[in-house]
Amino acid sequence: MSRVAVVTGGTRGIGRAISVGLKNAGFNVVATYNANDEAAQRFVAETGICIQKFDVSQFKECEKAVQIIAKEVGPIEVLVNNAGITRDAMLHKMEREQWHEVIETNLSSCFNMCRLVIEDMRARNFGRIINITSVNGQKGQIGQVNYSAAKAGVIGLTKALAQESAAKGITVNAVAPGYIKTDMLNTVPSTVMDKIISLIPAGRLGSPEEVAKAVAFLASDYAGYVTGITFSMNGGQYFV
Ligand code: CAA
């Protein structure tokens, strides 16, 4: 039987490509989303992948959703924590709300979802957790103290949980994309975008499908000895 893979924020952007990539690799995928019903319905019609609506920043909502998925689809063996938002502003202009929203959605969500699947994975002696971080969590980014802090936190969580889980057959890895062509870039002013692209040696943005291939490898049986890593893919923009 196919392994069940849950992809948070899995109906749009990078998450959508990950959902489709895992489906093509033979996984039984559930894509989660928070608000955009129209995009989610279009996603279902186009891919045939099932969806679950909840807010990853809310532990109780995650708990309910994980229970439903486990009961109706099967035990979650692969978890991809992909859901994320930006609320960019210089620190001297940033509201507390912008800080908290990004920390809760991009970092606490990883705690919520990992906490809710880890006991079952430990009991089954198998699991694959893949956390989507960012080049901006590795190098820091003007206008993103909130996002950079959350994404750096995701890398720390990944390394700690990888050590806790290795003896139980569970791998925990991060993927750190650079600037990828998705709607998330729509809020970046075009002059700033030109400046960013000029600093990418590859001279272009990445594609969601390129990220999805890395995730599919880390989810596969071939990657059983890979844990605690951050797989960077940023067109040469930053070397860790
Ligand atoms: N790289 C280089 N320089 C940047 C920059 C960036 N990413 N962001 C801002 N700057 C520079 C601006 O060019 C500007 O420099 P000059 O004064 O020399 O022109 C200076 O910082 C101040 O910027 P703004 O004039 O735009 O200031 P603002 O207060 O009006 O807006 C901002 C600030 C909201 C941060 C806006 O600049 C912005 O949206 N920047 C983009 C931030 C960014 O890179 N976000 C990443 C989004 S994609 C993502 O997060 C996915 C991922 O994982 C990679």
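All of these numbers come straight from a predicted model, not from anything done at the bench. For ligands, and for the atoms within them, numbers begin at 1 and follow the listed sequence.
Legend: residues meeting salt bridge (charged side-chain N to carboxylate O under 4.0 Å, His left out) with E104, ordered by chain and number and at least two apart, are absent. Judged as a side chain to side chain contact (heavy atoms under 4.5 Å, CB included), and not counting sequence neighbours, A70 has no contacts.
Closest to atom 28 (P) of ligand 1, if we only count protein heavy atoms, is K93 NZ, 3.9 Å. From the protein, the heavy atom lying nearest to atom 39 (O) of ligand 1 is P189 CD, 3.4 Å. Atom 12 (C) of ligand 1 has as its closest protein heavy atom K195 NZ, 3.8 Å. Among protein heavy atoms, atom 46 (C) of ligand 1 sits closest to Q144 NE2, 3.3 Å. The protein heavy atom nearest to atom 6 (C) of ligand 1 is Q141 NE2, 2.9 Å. Looking from atom 37 (O) of ligand 1 to the surrounding protein, the closest heavy atom is V192 CG2, 3.9 Å. Nearest protein neighbour of atom 9 (C) of ligand 1, counting heavy atoms only, is I142 CG2, 3.6 Å. Nearest protein heavy-atom neighbour of atom 51 (C) of ligand 1: Y147 OH, 3.5 Å.
When only interatomic distances are considered, the shortest N/O to N/O separation between S134 and ligand 1 falls below 3.5 Å.
With 3.5 Å as the limit, one finds no donor-acceptor pair spanning the side chains of Q138 and T230. Neither side chain, T8 nor N82, offers a donor N or O lying under 3.5 Å from an acceptor on the other. Using modelled atom types, one finds no donor on one side chain facing an acceptor on the other under 3.5 Å when comparing S232 with N234.
V211 is listed as a side-chain neighbour of I180, based on a closest heavy-atom distance under 4.5 Å. For the pair I76/I69, a side-chain contact is recorded, criterion being any heavy-atom separation below 4.5 Å from C-beta on.
Contacts with ligand 1 closer than 4.0 Å are made by heavy atoms of both the backbone and the side chain of D88.
Every atom of ligand 1 with a heavy atom of M184 under 4.0 Å away is listed here by number and element: 49 (C), 51 (C). Of all atoms in ligand 1, numbered sequentially from 1 with element shown, those under 4.0 Å from a heavy atom of V188 are 41 (C), 47 (C).
Using a 4.0 Å cutoff on heavy atoms, G84 does not count as a contact of ligand 1.
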